[in-house]
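Remarks on the structure that follows.
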Amino acid sequence: MSRYNARESEPRWREAWAAAGVDKAVEDRSRPKYYVLEMFPYPSGRIHIGHTRNYAMGDVVARYKRARGFNVLHPMGWDAFGMPAENAAIERKIHPAAWTYDNIAAMRDQLKLMGLSIDWDREIATCDPAYYAQQQRLFLDFLDAGLVKRRKSTVNWDPVDHTVLANEQVIDGCGWRSGAPVEKRELTQWFFSITDMAEELLSAIEGLDDWPEKVRAMQSNWIGRSEGAEVSFRLAPNDLVPDHETITFFSTRPDTIFGASFCAVAPDHPLALALSNKVEGLAEFQEECRRMDTTEEAFETAEKKGVRTGLEIIHPFDSDRRLPVYVANFVLMSYGTGAIYGVPAHDQRDFDFATKYELPIIPVVSPDGDPEYRIGDAAVPGAGVMINSDFLNGMDSDAAKSEVMNRYEGAGLGRRKTNYRLRDWGVSRQRYWGCPIPVVHCETCGVVPLRKQDLPVLLPDDVSFDEPGNPLDRATDWKTTTCPTCGGAATRETDTMDTFVDSSWYFARFCSPRDSEPTNRDAVDYWLPVDQYIGGVEHAILHLLYSRFFARAMNDTGHLDSTAREPFSSLFTQGMVCHETYQTADGKWRAPEEVLRTADGATLRDSGEPVSVGASTKMSKSKKNVVDPEDIIEQFGADTARWFMLSDSPPERDVEWTASGVEGAWKHLQRVWRLVVDAAQLPDADDATDGPAIRAAHRAVHAITEDIEAFRFNKAIARLYELTSQLAGVTDDSTVRTATKMMVRAMFPFTPHFSEECWRLLGGDTLLAASPWPEIDARFLADDVVTLPIQINGKKRSEIKVSPDADQKQIEALVLQDPVVMKHLDGAAPRKLIIVPKRIVNVVA
RNA sequence: GCCCGCGUGAUGGAAUGGUAGACAUAGCGGACUUAAAAUCCGCAGGCUUCGGCCGUGCCGGUUCGAGUCCGGCCGCGGGUACCA
């Protein structure tokens, strides 16, 4: 009996597809387009199993849509700038470019083994000057349009590596590489004005119907819109800061103004800075706050502390009331106005602060309407009836909110204001391996953008990585240049762009990857938006939000069609690939290939030492629970790997990689192969011939089509298992060969090489890769007879077989004659008889 | 704290309000074989006095009928946060 030989077959079919050019995407306006894209990988050096699941899903979609007559664009590229390349340069004395391009070459070879239908002619790498030169053009256009700004901001500064760190690179207050405590510094940085688009980015989420609800919620929360009042209250006359007359506050609860018992400003608020040397202990307190790291956990435990300034605010509605002003560590300069008035009764932070400093806690909102309402040992947020609030007493808190804001506006104290949590996107990085920012610093003209004809600004090759800091700062020859405006001496900007910039527009570049402009309008108008984007949920906020911003910015600067402001019309976030973990008694992690797994435990293969089996978690080097896709492909072939990864769990959920599961997938393909070998000996049936096999095939493919459309790949595969058993079980049926051919075609998106091999064996003389999806014939879907379950009082007791077009009376008669029904009714008439056609019967006794 | 998800056999998971557990993995039994592997066939939620009864995290509701819808809990996972 012959076996399917993946190792021999798979390369042969990949060559055949390449020779036929089936993966090439050309603009063809006579056909509907379909752009399917998986998030492009960072070229770390090896393809990870998680990548392969991601690309397998995209490939199913690409191959299916192509078979459905769509003109498919399915490209691949490399998110190739970033720190690991510089770290490699530091540790191994390899140039980042050499390291990166070696990795790309290795990963491209690995990816090709999977048999993905990718148009490799469109491959791009973001570190390629041909790519980042276009990014520099976009930067200049954005600058021109006011979408890029340069300003001072507080950053995380690593004092050992002499560089700015992203928030994610600060771990427990220390630099992730140097381990040194991170400082906050004021640096002048480049920003994309994403906050200008906050409202549009938020409201447009509404229209992203084919995005996961989860991602939409995360983006909404991240943008974080809140409505309230921005008001300025007068400071009582004082000698400390005579030129400060007011403090401006933001509050979402103007209704609680009569509950205010203190005010607080951020340590870096202008007023606090002005007071630094005039209030005892303040300068030290501010220094302490600066040292406090910016990560989340630190705040969790940090005590609320402040320094009383001696200043007082005059209550806006009661000029006899004075609110002491503090500088407090829990007030952030980066949100609102950097100043709050504290209402301890209705805000937990204010409550904690007031308790510590023995400030009054005045309830002003009574949840149950009781005017004598008292606060316990925690603040009570939420709505209610106003109490202790002068002219607001008795009002509903929502109405009070509106009333107070009206009074503020009437008195010229302030206005209604919407604030966003979203911050502008700081893109400056003091790094070498990134896209240079195309501006110069001129002694006379200041910051001057380059002219487009001066682009690209190429990264210098000759740089050293043996000192900390940004190598570009030390690249003197490169840095020294002339000013495009005055021709005088100038130095280049040495900041490079955040790598998230690179990935914010690559989907547009794929439409015309070699064009001399960032985009070709004909190409992007045809291909965009991406019809199906697939990637990990870890990019739910940053990458996807930045891309949404970029699509709009490119729109506004004429690089994209003005009608399409969303880049990805449908988004799918796939689950991770997990694996059991193994540990020996001494606590050391062991790799799956070292372990012999039995039904009730595991031992080491070589020594027989017992191994404890731990939870299945995301594959990671530290836990050694990693499977190398190349090993799997070597052993079983790409199709087996693809089949298994999609078969076991719904695509949005994590899948557990198991050796037995992969073997099961491999066995199944061999089973199909035997079926195909047998079927190849049989004659074809003509289209009209009916039989159990062809019926089973049409039904299965009908369902599989719906499953693929709905991203239910696991169910599609389950149906293919079922169909295989059905075809193997029929005897004496002249439609077996025809049905087998249909099954092989339906398997094609999942197991393309294997399906081609089967197809050829069954006499196919075309490539399945260029063949249409099987047509469903409705004749073969209809039932001759349907089985109706019979429930009595909602519990299944019996069933009857009826013709599908039997009418209610016929069914009723059959039901009442059913022995089980007769027994339960015991001569009585049913109280009610519910007949759902072709579904179920319920007898209410 | 807030915002999302999710709780179904030993396991991954199926089930437009209509036969709960498709399909797969592991397991058990059998066939073939000197034997093993491979392959093929079959069994498989729990309890039962063999009539049935119970069963989708828990409690209640809607319905002829609830894993599915509604209300309230419990548990797990993810995201996010001194955001005023």
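Note that the structure is a prediction, hence the values are computed from the model and not measured.
- Each of B:C82, B:C40, B:A24 was ranked by its minimum atom distance to the side chain of A:Arg349; first place goes to B:C82.
- Counting any heavy atom pair closer than 4.0 Å across all strands shown, A:Tyr721 reaches sugar-phosphate atoms only and no base atom.
- Comparing A:Gly794 and A:Arg671 along RNA chain B, the residue whose closest nucleotide (by nearest heavy atom) sits nearer the 5' end is A:Arg671.
- When side chains are defined from C-beta on, A:His539 counts as touching A:Met39, because their heavy atoms get closer than 4.5 Å.
- Nucleic acid contact for A:Arg719: none, since no nucleic acid atom lies under 4.0 Å from a heavy atom of the residue.
- Residue A:Ile835 contributes atom CD1, which lies 16 Å from atom P of B:C64 at whole-angstrom precision.
- You'll find that the side chain of A:Arg674 is closest to B:U39, out of B:U39, B:A14, B:A84.
- Distances shown here put a side-chain N or O of A:Lys715 below 4.0 Å from the OP1 or OP2 atom of B:A15.
- If you look at A:Phe644 and A:Phe636, their ring centroids are not closer than 6.0 Å.
- The separation of B:G71 from B:G55, taken at their C1' atoms, amounts to 24 Å, rounded to a whole angstrom.
- For the pair A:Arg674/A:Tyr4, no side-chain contact is recorded, criterion being any heavy-atom separation below 4.5 Å from C-beta on.
- One cannot find a donor-acceptor pair under 3.5 Å joining the base of B:C64 and the side-chain atoms of A:Lys832.
- Closest to the side chain of A:Lys795, from the set B:G65, B:C82, B:C54, is B:C54.
- For the 3.5 Å distance criterion, the side chains of A:Thr581 and A:Asn625 fail to qualify, holding no donor opposite an acceptor.
- For the pair A:Glu199/A:Tyr420, a side-chain contact is recorded, criterion being any heavy-atom separation below 4.5 Å from C-beta on.
- Rounded to whole Å, the separation between the C1' atoms of B:G67 and B:U8 comes to 7 Å.
- When distances run from any side-chain atom of A:Pro650 to the nucleotides B:A84, B:A14, B:U19, the shortest one goes to B:A14.
- Distance A:Ile223 CD1 to B:G79 P: 19 Å, rounded to the nearest Å.
- Nearest nucleotide to the A:Arg839 side chain, out of B:C82, B:G79, B:U16: B:U16.
- Taking only side-chain atoms of A:Phe330, from C-beta outward, the nucleotide of B:A22, B:A14, B:C82 with the closest atom is B:C82.
- The separation of B:C64 from B:G17, taken at their C1' atoms, amounts to 12 Å, rounded to a whole angstrom.
- The nearest whole Å value for the distance from the CD1 atom in A:Ile792 to the C1' atom in B:G52 is 13 Å.
- Atom CG of A:Leu720 and atom P of B:C23 are 14 Å apart (whole Å).
- Across all strands shown, the partner of B:U25 is B:A10, judged by Watson-Crick or G-U wobble contacts whose two distances both fall under 3.5 Å.
- Within the shown strands, nothing qualifies as a pairing partner of B:A20 under the Watson-Crick or G-U definition with both distances less than 3.5 Å.
- If you check B:C82 for Watson-Crick or wobble pairing at under 3.5 angstrom, you find it has no partner at all.
- When heavy atoms are screened at a 4.0 angstrom cut-off, A:Gln791 is found touching base atoms of the nucleic acid.
- Using a 4.0 Å heavy-atom cutoff across all strands shown, A:Thr658 reaches no nucleic acid atom at all.
- Nearest nucleotide to the side chain of A:Ala718, out of B:G51, B:A84, B:C23: B:C23.
- The side chain of A:Trp222 approaches B:U80 more closely than any other nucleotide in the set B:A22, B:U80, B:C40.
- Residue A:Gln670 contributes atom CD, which lies 15 Å from atom C1' of B:A37 at whole-angstrom precision.
- Nearest nucleotide to the A:Ile541 side chain, out of B:A84, B:U80, B:U19: B:U80.
- For B:A84, the OP1/OP2 oxygens have no side-chain nitrogen or oxygen of A:Arg421 closer than 4.0 Å.
- Within 4.0 Å of A:Arg653, counting heavy atoms only, lie sugar-phosphate atoms of the nucleic acid but no base atom.
- Using a 4.0 Å heavy-atom criterion, one finds that A:Ser647 contacts no nucleic acid atom at all.
- Taking 4.5 Å as the limit, some side-chain heavy atom of A:Phe258 sits within range of a side-chain heavy atom of A:His315.
- No contact: A:Asp347 has no heavy atom under 4.0 Å from any strand.
- Contacts of A:Val841 with the nucleic acid, taken as non-hydrogen atoms under 4.0 Å apart, are absent.
- As judged by a 4.0 angstrom heavy-atom cut-off over every strand, A:Lys214 is placed among residues touching the sugar-phosphate backbone only.
- A:Gly664 comes within contact range of the sugar-phosphate backbone alone, with a heavy-atom separation under 4.0 Å but no base atom that close.
- For the ring pair (Phe, Tyr, Trp, His ring centres under 6.0 Å) criterion with A:Trp643, the lone passing option out of A:Phe754, A:Trp666, A:Phe713, A:Tyr721 is A:Tyr721.
- The distance from atom NZ of A:Lys667 to atom P of B:A37 is 11 Å, rounded to the nearest whole Å.
- B:G78 and B:G51 have their C1' atoms separated by 50 Å, given to the nearest Å.
- Atom P of B:G77 sits at a distance of 24 Å from the matching atom of B:C83, rounded to the whole Å.
- With its glycosidic angle within 90° of 0, B:G9 adopts the syn conformation.
- Between the P atom of B:G18 and the CD1 atom of A:Ile800 lies a distance of 19 Å, rounded to the nearest Å.
- Comparing the same atom, P, in B:U68 and in B:C43 gives a spacing of 30 Å after rounding to whole Å.
- With its glycosidic angle more than 90° from 0, B:G52 adopts the anti conformation.
- For A:Phe262 and A:Tyr357, the ring centers are positioned 6.0 Å apart or more.
- The closest side-chain heavy-atom distance from A:Val613 to A:Arg597 is below 4.5 Å.
- Taking atom CZ on A:Phe262 and atom C1' on B:C82, their separation rounds to 12 Å, with Å as the unit.
- Across all strands, A:Asn714 comes closer than 4.0 Å only to sugar-phosphate atoms, never to a base (heavy-atom distances).
- In the set B:G65, B:C23, B:C40, B:G65 carries the atom at the smallest distance from any side-chain atom of A:Asn842.
- A:Asn221 places none of its side-chain heavy atoms less than 4.5 Å from the side chain of A:Ile223.
- Pairing of B:A38, defined by two Watson-Crick or G-U wobble distances under 3.5 Å, is not identified with any nucleotide.
- Taking the C1' atoms as reference points, B:C3 lies 48 Å from B:U48, given to the whole Å.
- Along RNA chain B, the nucleotide closest to A:Glu656 and the one closest to A:His824 are compared, and the more 5′ of them pairs with A:Glu656.
- Heavy atoms of A:Arg797 sit under 4.0 angstrom from primed sugar atoms or phosphate atoms, though from no base atom.
- The nucleotide B:U63 finds no pairing partner, because no Watson-Crick or G-U wobble arrangement with both distances shorter than 3.5 Å includes it.
- Rounded to whole Å, the C1' atom of B:C6 lies 15 Å from the corresponding atom of B:G12.
- If you check every strand for non-hydrogen atoms under 4.0 Å, A:Val844 touches sugar and phosphate atoms only.
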